[in-house]
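What follows is one structure encoded as structure tokens, with my remarks underneath.
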Amino acid sequence: MGLLRRAPGGAVEHCAVGNVRAYVVGHDGVRHRFGAQPGVVGWNMPDPVVRRLPDARGGTLLLHSDGVDGGWERSPGPELTRLPAPLLPVVLAHAHRTVRDDVTVLAVAPTPKTP
């Protein structure tokens, strides 16, 4: 289970338990990785801990289950990191899916700049 929230001023808040990964992705690659606390939701769940990244402006927020092989993050090419937020989950789920698990991927586009 994971929660990823864009807070006022460009900050990002993250809280997760179990096999879920979260990232801030920009055109230049993976800018930040969030780890999850070990545990099983509903059985052996630790107290939630919220982590805050002060500035993630311009980055796409990405959250995925362990059904996506995390190896994609080691050297993602621009053909992946420059995808619009609606296409990024589709490509990750298709190209980096592990056969042993279900896949959940969510990407949220950066907040548009106001004039």
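Closest heavy-atom contact between T81 and G29: CG2-CA, 3.7 Å. Considering all non-hydrogen atoms of both residues, G35 and H14 come closest at O-CE1, 3.2 Å. The heavy-atom pair separating A109 from A85 by the smallest distance is N-CB, 3.6 Å. Shown here for R21 and G70, the closest heavy-atom pair between the two residues is NH1-N, 3.6 Å. Nearest heavy-atom pair across R52 and A11 is NH2-CB, 3.4 Å.
Counting only distance, with no hydrogens or angles, the side chain of T98 and the backbone of G67 share a donor-acceptor pair below 3.5 Å. In this structure, Q37 contributes its side chain and D47 its backbone to a donor-acceptor pair below 3.5 Å.
Residues satisfying the salt bridge (charged side-chain N to carboxylate O under 4.0 Å, His left out) test with R6, not counting sequence neighbours, are none. Checked against salt bridge (charged side-chain N to carboxylate O under 4.0 Å, His left out), R82 has no partners two or more places apart in sequence or in another chain. Under the rule for a ring pair (Phe, Tyr, Trp, His ring centres under 6.0 Å), the partners of H32 that lie at least two apart in sequence or sit in another chain are F34.
V12 and V30 are not part of a single hydrophobic cluster, where members link through side-chain heavy atoms under 4.5 Å apart. Residue V103 is grouped with residue L80 when hydrophobic side chains (ILVMFWY) are merged at heavy-atom distances under 4.5 angstrom, including chains of intermediate members.
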Test side-chain contact (heavy atoms from CB on, under 4.5 Å) applied to L106 and L62, step by step: CA-CA 6 Å; L106 172 70; L62 177 67; over 6 Å; no

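Taken to the nearest 0.5 Å, the CG atom of L4 stands 5.5 Å off from the CG atom of L63. Taken from CD in E13 to CZ in R5, the straight-line distance is 4.0 Å, to the nearest 0.5 Å.
By the 4.5 Å heavy-atom criterion applied to side chains, S65 and V105 are not counted as neighbours. Side chains of V17 and P48 form no contact here, defined as non-hydrogen atoms less than 4.5 Å apart.
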Side-chain donor/acceptor pairs under 3.5 Å, residues 86-95, sequence neighbours excluded:
none

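Residue pairs meeting the side-chain hydrogen bond (donor to acceptor under 3.5 Å, both in side chains) criterion with at least one member in residues 66-78, sequence neighbours excluded, are N19-D66, Y23-E73, R33-E73, H64-W72. For the salt bridge (Lys or Arg N to Asp or Glu O under 4.0 Å) condition, no pair includes a residue of residues 86-105, sequence neighbours left out.
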